[in-house]
**Student:** 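Just passing along the structure, written as structure tokens.
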Amino acid sequence: IHPSGKYMLIGLGDRPCILKSDYNFSTHEFMSPTIFAGNFNSSGFTDGVGPTARFNNPCQGVFVKNEDYVKAGKEDVYDYYVCDRENCCIRKITPEGVVSLYAGRGSVSVNSNFWGYIDGDLTKDARFNQPQGIAYDEASQTFYISERDNHDIRMITFQ
């Protein structure tokens, strides 16, 4: 649920998209969800806007305040970071629905796999193996990411 309470984003896991459900403050209910990013019937790995983006088993996500949005006076100042489990990476989604790779799928010089356990530059080196849980500590600006196949919790700190 977005920190404002105005909507929630939903990763279904078995469907390659992120749904959005707006909150109706009059009825105190969330409305029927619609596709916010990705395509309900088409998986893959593609950065893009809204339905042009592709996911493969998006799981848990977390909202993180973007100070650049605050300075710019945007209405929605939170990005959404989501575990894209089968793509073995963390994706970032802006309030406008722009999806981009945040971390993972790196180290192409090591071998042709996009999964594994490698630390380093978030997109050039780092690899994950089935990330499925993510939390964010605002005070330390640290992500905690749980990985199913590596049986580990990894940390990423904003710099």
Side-chain angles (χ1 to χ4, degrees), residues 1-3 7-21 33-69 74 76-159:
I1 297 177
H2 188 273
Y7 66 89
M8 71 172 139
L9 295 180
I10 307 159
L12 296 176
D14 62 338
R15 292 290 179 190
C17 60
I18 302 293
L19 303 177
K20 181 178 182 180
S21 177
T34 58
I35 295 176
F36 183 64
N39 182 300
F40 200 73
N41 296 311
S42 181
S43 63
F45 178 80
T46 305
D47 288 341
V49 180
T52 66
R54 293 292 177 268
F55 298 91
N56 195 352
N57 201 334
C59 300
Q60 186 178 4
V62 63
F63 286 97
V64 177
K65 186 183 280 186
N66 185 324
E67 292 301 328
D68 291 337
Y69 299 167
K74 286 189 168 191
D76 191 343
V77 296
Y78 290 88
D79 290 318
Y80 187 70
Y81 292 80
V82 63
C83 295
D84 193 353
R85 191 167 79 190
E86 298 295 326
N87 281 323
C88 298
C89 64
I90 307 301
R91 309 286 287 280
K92 175 180 144 184
I93 308 174
T94 69
E96 297 79 27
V98 177
V99 178
S100 60
L101 175 66
Y102 177 69
R105 298 179 65 93
S107 308
V108 293
S109 62
V110 174
N111 57 38
S112 61
N113 299 336
F114 58 83
W115 64 88
Y117 187 105
I118 298 175
D119 291 330
D121 182 272
L122 294 179
T123 57
K124 293 179 184 169
D125 301 317
R127 287 190 189 180
F128 298 93
N129 200 345
Q130 305 280 322
Q132 62 184 22
I134 186 168
Y136 183 72
D137 177 20
E138 193 170 344
S140 66
Q141 296 184 316
T142 302
F143 286 100
Y144 296 91
I145 299 155
S146 66
E147 293 179 87
R148 187 182 78 184
D149 288 359
N150 284 333
H151 307 285
D152 201 4
I153 296 183
R154 310 269 296 275
M155 295 183 345
I156 299 174
T157 303
F158 272 124
Q159 308 217 11

**Student:** What distance separates Asp119 CG from Arg127 CZ, expressed to the nearest 0.5 Å?
**Tutor:** 12.5 Å

**Student:** Going through the distances and angles, do Phe45 and Arg54 end up as a side chain to side chain contact (heavy atoms under 4.5 Å, CB included)?
**Tutor:** CA-CA 5 Å; Phe45 178 80; Arg54 293 292 177 268; 5.8 Å; no

**Student:** Taking atom NZ of Lys20 and atom CE of Met8, what is their separation to the nearest 0.5 Å?
**Tutor:** 12.0 Å

**Student:** Have a look at Tyr117 and tell me which of Asn150, Asn129, Asp152 forms a side chain to side chain donor-acceptor pair (under 3.5 Å) with it.
**Tutor:** Asp152

**Student:** How long is the straight-line distance from CG of Leu19 back to OG1 of Thr34, given to the nearest 0.5 Å?
**Tutor:** 7.5 Å

**Student:** When the ring planes of Phe63 and Tyr78 are compared, do they come out parallel, tilted or perpendicular, using 30° and 60° as the limits?
**Tutor:** perpendicular

**Student:** Would you give the length of the straight line joining atom CD1 of Ile18 to atom CZ of Phe55, rounded to the nearest 0.5 angstrom?
**Tutor:** 5.0 Å

**Student:** Could you tell me whether the side chain of Asn111 and the main chain of Asn113 form a donor-acceptor pair under 3.5 Å?
**Tutor:** yes

**Student:** What pairs with Glu96 under salt bridge (charged side-chain N to carboxylate O under 4.0 Å, His left out), at least two apart in sequence or on another chain?
**Tutor:** Lys74

**Student:** Determine yes or no for a side-chain-to-main-chain donor-acceptor pair under 3.5 angstrom, with Arg105 supplying the side chain and Asn87 the backbone.
**Tutor:** yes

**Student:** Specify the closest pair of heavy atoms between Val99 and Arg91, including all atoms of both residues, with the distance to one decimal.
**Tutor:** CG1-NH2, 3.4 Å

**Student:** Show your reasoning for whether side chain to side chain contact (heavy atoms under 4.5 Å, CB included) applies to Asn39 and Asn41.
**Tutor:** CA-CA 6 Å; Asn39 182 300; Asn41 296 311; 4.0 Å; yes

**Student:** Tell me, do Phe128 and Cys83 make a side-chain contact under 4.5 Å, heavy atoms counted?
**Tutor:** no

**Student:** Checking side chain to side chain contact (heavy atoms under 4.5 Å, CB included) for the pair Val82/Ile134: CA distance, chi angles, key distance, verdict?
**Tutor:** CA-CA 7 Å; Val82 63; Ile134 186 168; over 6 Å; no

**Student:** Could you go through Phe143 and Tyr81, starting from their C-alpha distance and side-chain angles, then the distance that decides it, and tell me whether this counts as side chain to side chain contact (heavy atoms under 4.5 Å, CB included)?
**Tutor:** CA-CA 10 Å; Phe143 286 100; Tyr81 292 80; 3.7 Å; yes

**Student:** Once rounded to the nearest 0.5 Å, what's the spacing between atom CZ of Phe114 and atom CD of Glu86?
**Tutor:** 8.0 Å

**Student:** Answer yes or no for Lys92 and Tyr102: cation-pi contact, defined as NZ/CZ to six-membered ring centre under 6.0 Å and angle to ring axis within 45°.
**Tutor:** no

**Student:** Are side-chain heavy atoms of Pro16 and Asn57 found at a separation under 4.5 Å?
**Tutor:** no

**Student:** Counting N and O atoms only, with roles assigned by atom type, does the side chain of Asp84 sit under 3.5 Å from a partner on the main chain of Asn56, one being a donor and the other an acceptor?
**Tutor:** yes

**Student:** Could you grab the distance from atom OG of Ser21 to atom CD1 of Ile1, nearest 0.5 Å is fine?
**Tutor:** 9.0 Å

